[in-house]
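The model shown is predicted, which means the values in this text are computed figures rather than measured ones. Residue indices begin at 1 and follow the sequence shown.
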Amino acid sequence: MITEYGEITLISKKNRQDCIGQPISSDDDERTIPCTIENVGRNEWNIAFQGGYEAEILCKIFTASYMGEKQAILHGTRYEIYRTYRTGDRLL
């Protein structure tokens, strides 16, 4: 398994409303944190495929750094976060 160290930008949507309570578009909140990047194993690829996704990368971050974001940018590419799980003090 190939491991690379880098940074990932986690993206969360801002929920804004106008004066009558209708949702309006706004910029995303972004924050960059350190991560470990690994290849996706066969088991993870199968789980993603069954859910209608194509697993491309697996990133490990500290559990305390994750705040429920649903998108991330890594090496200039935007990804959807379809699944997270905990292993020790890390989140995959």
When you compare the side chain of Asn39 with that of Ile57, does any pair of heavy atoms fall below 4.5 Å? no
Residues clustering with Ile73 (ILVMFWY side chains joined when closer than 4.5 Å, directly or via others): Ile11
Looking at side-chain heavy atoms only, is the closest gap between Cys59 and Leu74 below 4.5 Å? yes
Tell me which donor-acceptor pairs under 3.5 Å the side chains of residues 81-92 have, and how far apart each pair is, sequence neighbours excluded?
from  : atom 1 : to    : atom 2 : distance (Å)
Tyr82 : OH     : Glu44 : OE2    : 2.6
Arg83 : NE     : Glu44 : OE2    : 3.3
Arg83 : NH2    : Glu44 : OE1    : 2.8

Report the hydrophobic cluster partners of Phe62, with the cluster defined as I, L, V, M, F, W, Y residues connected by side-chain heavy atoms closer than 4.5 angstrom, directly or transitively. none
Nearest-0.5 Å distance, CD1 of residue Ile61 to CG of residue Leu10: 5.0 Å
So do Tyr79 and Glu56 actually touch side chain to side chain, heavy atoms under 4.5 Å? yes
Set of residues satisfying salt bridge (charged side-chain N to carboxylate O under 4.0 Å, His left out) with respect to Arg42, sequence neighbours excluded: none
In chain order, what residues pass the salt bridge (charged side-chain N to carboxylate O under 4.0 Å, His left out) check against Arg31, with sequence neighbours excluded? Glu69
Check Glu38 with Lys60, please: is the shortest side-chain N to carboxylate O separation under 4.0 Å? yes
Nearest 0.5 Å please: distance from the NZ atom of Lys70 over to the CD atom of Glu80. 10.0 Å
Would Trp45 and Ile47 show up in the same hydrophobic cluster when neighbours are defined by side-chain heavy atoms closer than 4.5 Å? no
Is it the case that Glu4 and His75 place a side-chain donor and acceptor less than 3.5 Å from each other? yes
Going by side chain to side chain donor-acceptor pair (under 3.5 Å), name the residues that satisfy it together with Thr32, two or more places apart in sequence or in a different chain. Thr9
Please evaluate residues Leu58 and Ile37 with respect to the criterion side-chain contact (heavy atoms from CB on, under 4.5 Å), reporting the C-alpha separation (whole Å), side-chain torsions for both, the decisive distance (0.1 Å), and the verdict. CA-CA 6 Å; Leu58 182 118; Ile37 307 157; over 6 Å; no
